[in-house]
Every structure is written in C-alpha cells, then in structure tokens.
Amino acid sequence: FSSTCNLSTSDFKNLNSISVYPNPVKDKLWIENPNQIKIDKAEVYNLSGKLIKAFDGVNDFIDVESITEGIYFLKVYNEKSSHTFKVLKN
C-alpha cells in the first residue's frame, strides 16, 4: 500500500515565518511578519488553557501590559490556519 499525502500548505509555511519578540515581554509584544500575512486575530491563553485576552486586527504589536507575570501561549490566526508561540511575561 502506498499513498501520496500533502502534509503542508503554503498558508502554514507563511504563518511559520511570523515571530514574536521580545520574549520575555514587559508591555508590548512585537510581531515580526516579513511576508505581510494578514493576521485576523490573536489570543493569549494561560497554562491551563483559559483565554486571557483576545485581539482583533493585529498589526505590529499587541499590548500585554495588563496581563500578570507568568507563562502564556499566544495563538495567531489567519483565515485558514493558526500558529502558537510560548511567551514569558515579566
């Protein structure tokens, strides 16, 4: 038995080109987006998976100053896929 499977898409590859900095972050988490992918929204989750904060229409940065210190997951979405980053807030 053999099968040809496509395990990647160009959208996923494009989202992988996005990075966030600085990490750890104090107030503004900057988003480096060299391919200018449209980010529809971003969400911050705590370690137990609870949604802490949501952002619509993300451009250059998100303001995380109001979030308490700790480890979080930032999930960014475009219309077809998402990518998750681990972020330390101090």
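- Residue Ile52 holds its CD1 atom at 9.5 Å from CG of Leu47, rounded to the nearest 0.5 Å.
- Here the CD-NZ distance, from Glu65 to Lys28, works out to 9.0 Å after rounding to the nearest 0.5 Å.
- Atom CD of residue Glu43 and atom CZ of residue Phe73 lie 14.0 Å apart, to the nearest 0.5 angstrom.
- Atom CD of residue Glu79 and atom NZ of residue Lys41 lie 13.5 Å apart, to the nearest 0.5 angstrom.
- Between the side chains of Ser81 and Asn78, at least one donor N or O lies within less than 3.5 Å of an accepting N or O.
- Side-chain atoms of Asn46 never come within 3.5 Å of backbone atoms of Tyr72 as a donor-acceptor pair (strictly under, hydrogens ignored).
- Proximity of Val25 to Leu88: side-chain heavy atoms (C-beta onward) are nowhere separated by under 4.5 Å.
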Report the C-alpha separation of Lys26 and Asn90 in whole Å, then their side-chain angles, then the decisive distance to 0.1 Å, and conclude whether the side-chain contact (heavy atoms from CB on, under 4.5 Å) test is met. CA-CA 5 Å; Lys26 275 189 167 281; Asn90 63 2; 3.5 Å; yes

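- With Asn23 contributing its side chain and Lys86 its backbone, the two residues share a donor-acceptor pair below 3.5 Å.
- The distance from the CZ atom of Phe55 to the CG atom of Leu29 is 8.5 Å, given to the nearest 0.5 Å.
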Residues Val58, Ile31; criterion side-chain contact (heavy atoms from CB on, under 4.5 Å); working and verdict: CA-CA 9 Å; Val58 176; Ile31 298 174; 3.2 Å; yes

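- Ile37 and Ser17 get closest at one heavy-atom pair: CD1-OG, 3.9 Å.
- Using a 4.5 Å cut-off on side-chain heavy atoms (C-beta onward), Ile67 and Val44 make contact.
- The shortest heavy-atom contact between Lys53 and Asp63 is NZ-O, 3.6 Å.
- Aromatic ring pairs are classed by plane angle as parallel below 30°, tilted from 30° to 60° and perpendicular above 60°; the pair Phe61 and Trp30 is tilted.
- A pairwise comparison of heavy atoms in Asp40 and Lys38 identifies OD1-NZ, 2.8 Å as the closest pair.
- Atom CD1 of Ile39 and atom CG of Asp60 lie 9.5 Å apart (nearest 0.5 Å).
- Closest heavy-atom contact between Ala42 and Leu74: CB-CD1, 3.9 Å.
- Linking ILVMFWY side-chain heavy atoms closer than 4.5 Å, directly or via other members, places Tyr21 and Ile62 in two distinct hydrophobic clusters.
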Would you please test Phe85 and Val76 for side-chain contact (heavy atoms from CB on, under 4.5 Å) and show each step? CA-CA 8 Å; Phe85 302 92; Val76 295; 3.8 Å; yes

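- The minimum heavy-atom distance between Thr84 and Lys75, with the atom names listed, is OG1-CG, 3.7 Å.
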